[in-house]
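Step one of this worksheet: look at the structure below.
Numbering of ligands and ligand atoms starts at 1, following listing order.
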Amino acid sequence: MCGIVGYLGPRDAAPILLAGLTRLEYRGYDSAGVAVQTESGLTLRKLAGRIGGLKIALGRDPVTGSCGIAHTRWATHGAPNERNAHPHVDCTGQIAVVHNGIIENADVLRTRLECCGHHFVTETDTETLAHLIEDADGPTLESRVIAALTHVEGTYGLAVIAAGEPDKIVVARRGSPVLLGVGEQEYFVASDASAVLEHTRSVVYLDDGDIAVLTRTGYHVIDREARVQTRPVNALDWDLEQIALGEYSHFMLKEICEQPRTLQETLRGRLLFADGTARLNGLNLTPEDCRTLGRIVIVACGTSWHAGLAGRHIIEALAGVPVQVEYASEFRYRQPVGMPGALTIAISQSGETADTLEALRAARAAGSKVIGVVNVVGSTIAREADGGIYLHAGPEIGVASTKAFTSQITALLLLGLYLARHRGLSLGDGRKMVEQLARLPDLAAEALQIEGEIKALAQSYVEERNALYLGRGINFPVALEGALKLKEISYIHAEGYPAAEMKHGPIALIDQDMPVIFLAPKDAVYPKVISNMQEVKARGGRIIAITSKGNGDLRGLVDHQLSVPPSPSLLSPVLTVIPLQLFAYHIAAMRGYDVDRPRNLAKSVTVE
Ligand code: G6P
C-alpha cells in the first residue's frame with residue numbers, strides 16, 4: 001500500500017525524503033507529497049502521479065529544512081489527485097500528517113468535526129486525523145496525537161509534524177507497519193526498511209499501540225498512557241545492491257533471474273545430508289508437536305496463496321497431515337472449527353498483508369498454534385507468529401511476486417520433509433529428498449536458460465486478449481500463478497484451471513483465438529494432461545506446453561513446447577513456474593507497460 005518516510009537530523013530533509021519515497025514507490029504510486037519544517041513554518045509540496053514529477057517540482061522550487069515527512073499513495077478514500085495526496089493538514093496548516101491504513105469511522109468524525117467548525121479540503125479519511133489533533137488538548141504534540149487517536153477506529157501507521165514543535169516527529173502504529181531508523185544523530189521513519197537502508201542498518205520495529213517521539217537528541221517509544229516502552233534495535237541484513245536495479249531493465253526480471261541464488265539462500269544451512277532432514281531452528285515445534293499434528297491450515301493471499309496450494313500437495317504427500325488452504329480474507333470472517341491441535345501457517349512475502357495477519361490472529365484466538373513463512377525479517381507476521389521459516393530471498397521490489405513464490409515452495413518442501421521425518425519417513429527417503437533439494441538452485445539456473453526462446457514466443461502472443469492456463473496436481477497452482485502473472489502486469493485476461501475441469505465450462509471458450517498454456521512436466525498425471533491437450537487441439541486451440549526435458553517431442557499436438565529440467569514431481573512447481581514468469585514479463589515489457597508498478601496494484605496490501 002502507501003509508503004511513509006520521515007527524517008529528522010542535521011541534513012536537508014527533502015532529498016532524503018524523495019530518495020526514500022523512490023525506494024517505496026513500489027508500494028503505491030498514484031500521488032506523492034512532502035511536508036518540511038522550514039523557517040516560515042510547514043511547507044508542503046504534493047503532486048498526482050509518480051515521484052519523478054515531485055522531484056522535478058522540488059528541483060524547480062526547493063524546500064529547505066531538516067525535519068520532514070513524506071508519503072507515496074495508493075488511493076483508498078478519494079481520487080488519486082493532488083488534493084487528496086498526503087501530507088494532510090489541519091485548518092491552520094500548522095499540523096501535517098502522513099498515514100497508511102484506513103480510518104473506518106472517518107465519515108462520523110468528519111461530520112462531527114465539521115459541526116465544530118473544521119473545514120475539510122480533501123476526500124480522504126486521513127484529513128480527519130489532522131483536524132482531530134488540532135482539536136485535541138495537551139501540552140505536547142505526542143499528547144495531542146494520543147488524545148486524537150482515542151476517537152479513531154481502524155488502522156494506521158502515521159507520522160505527524162507540527163509548526164509549533166519544529167524539531168519533533170510523532171509516529172503511531174496500529175495495524176500498519178512503521179519502523180524507526182536510528183542513524184548518527186539523525187532519525188528516520190519508514191513504512192518499510194528499504195527506505196532507510198542507505199542511511200542506517202539499525203531499525204526499531206514499532207508494535208501496535210506504540211507511539212514514538214523523535215527529537216534531535218533521541219527517540220523514545222511510549223504507549224497510550226505515556227508509559228515508556230522498550231523496543232530493541234535490530235540490524236538489517238539487506239544490502240543496497242539488493243535494492244538496486246543493476247544491469248536489468250526491471251526489478252521483476254532481476255528477481256526472476258536471481259532465483260538460483262535466492263533458492264540457495266532459502267536452503268542455506270538447512271539441509272542435513274546425514275540425517276536426511278531439514279534444520280528449521282525457528283519453527284518452535286517439538287518432535288511431539290510434529291508427531292501429534294492433526295491438521296494444518298494455510299492462510300495467505302495472492303501468489304502466497306498459490307504457494308500454499310502447492311504446499312498442500314507437498315505436506316500431505318510427505319508428512320501425511322491433512323492440509324486445508326484458505327484465502328486469508330475469507331478465513332478471518334468464518335467461524336474456524338477444530339483449531340485446537342491444528343497448526344496454522346501464514347504465508348506472506350511482506351509479512352504485512354492485513355488479511356493474512358488477521359487470519360493468523362483469528363486462528364490463534366481459536367486455539368491453533370501459528371507459524372509464519374515470511375520473507376521480510378522483523379515484519380508483523382514474523383513477530384506475531386509462534387515460530388516460522390524466513391525465506392531469505394532478499395527484498396522483492398517488483399509488485400508481481402516471483403522469487404518469493406519459488407522460495408515459499410522451497411520453504412514448504414523443507415517443512416514437509418521436517419514433519420515427515422518425525423512422522424515415519426525413512427532415513428533413506430529423507431536423504432534422497434535432501435539430495436534433490438540441494439540440486440534445486442542448479443535446476444532453476446538451467447530452467448532460466450530458455451529465456452531467449454520465451455522472449456521470441458512472447459513476441460507471437462503479445463497482442464492476445466485472453467489466455468487459459470491448465471495444470472493438474474501440484475502444477476494446478478502453477479497454472480493459477482502463471483495466469484496471475486500475465487493478468488497482473490500485461491492486463492491480458494487470463495484464467496488458471498485444473499486441466500480436467502476445463503471440460504466443465506472453459507472448453508466453451510476454446511477456438512483459435514484462445515492460447516492455452518499447459519503445465520505438463522513428467523509426473524503421474526502426464527498422460528492425463530496429454531489427453532486434455534488433445535481435447536483443446538480438437539477444438540482449434542493453440543497450445544503452449546511446459547514440459548520436462550525428456551518428455552519427448554509433442555510437435556503435432558502442441559504449437560510450442562518449452563522444457564524445464566526434469567525433477568521429482570513435488571519440486572516441479574519451482575521449475576515450471578519460471579517460463580511462465582518470463583513469458584508474462586516479456587509480454588508486458590513488449591506492450592510497453594510499467595512492469596514493476598502495474599496499474600491499481602500494490603506490493604503490500606496493508607488494508608483489508
Ligand atoms: C499483493 C501483491 C501480490 C502478493 C499478495 C500477498 O496482492 O501484489 O504479489 O502475492 O499481495 O502478499 P504477501 O506479502 O502477503 O505475500
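- There is no side-chain donor-acceptor pair under 3.5 Å between H306 and Q408.
- Residue E396 comes nearest to E255 through the heavy atom pair CG-OE1, 3.3 Å, listed as atom of the first residue, atom of the second, then distance.
- To the nearest 0.5 Å, atom OH of residue Y593 and atom CD1 of residue I492 are 8.0 Å apart.
- Enclosure of atom CZ in R465 is not indicated, since only 12 or fewer non-hydrogen atoms of other residues, nucleotides or ligands lie within 6.0 angstrom.
- L484 is listed as a side-chain neighbour of E481, based on a closest heavy-atom distance under 4.5 Å.
- Annotation for L417 and A278: closest pair CD2-N, 4.0 Å, computed over non-hydrogen atoms.
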For ligand 1, list all ligand N or O to protein N or O distances below 3.5 Å, rounded to 0.1 Å.
unit_1: ligand 1; atom_1: 8 (O); unit_2: A602; atom_2: O; d: 3.0
unit_1: ligand 1; atom_1: 9 (O); unit_2: V399; atom_2: O; d: 3.2
unit_1: ligand 1; atom_1: 10 (O); unit_2: T303; atom_2: N; d: 3.0
unit_1: ligand 1; atom_1: 12 (O); unit_2: T353; atom_2: OG1; d: 3.3
unit_1: ligand 1; atom_1: 14 (O); unit_2: S348; atom_2: OG; d: 3.4
unit_1: ligand 1; atom_1: 14 (O); unit_2: Q349; atom_2: N; d: 3.4
unit_1: ligand 1; atom_1: 14 (O); unit_2: S350; atom_2: N; d: 2.7
unit_1: ligand 1; atom_1: 14 (O); unit_2: S350; atom_2: OG; d: 2.6
unit_1: ligand 1; atom_1: 14 (O); unit_2: T353; atom_2: OG1; d: 3.4
unit_1: ligand 1; atom_1: 15 (O); unit_2: S348; atom_2: OG; d: 2.6
unit_1: ligand 1; atom_1: 15 (O); unit_2: T353; atom_2: OG1; d: 2.5
unit_1: ligand 1; atom_1: 16 (O); unit_2: S304; atom_2: OG; d: 2.5
unit_1: ligand 1; atom_1: 16 (O); unit_2: Q349; atom_2: N; d: 2.7

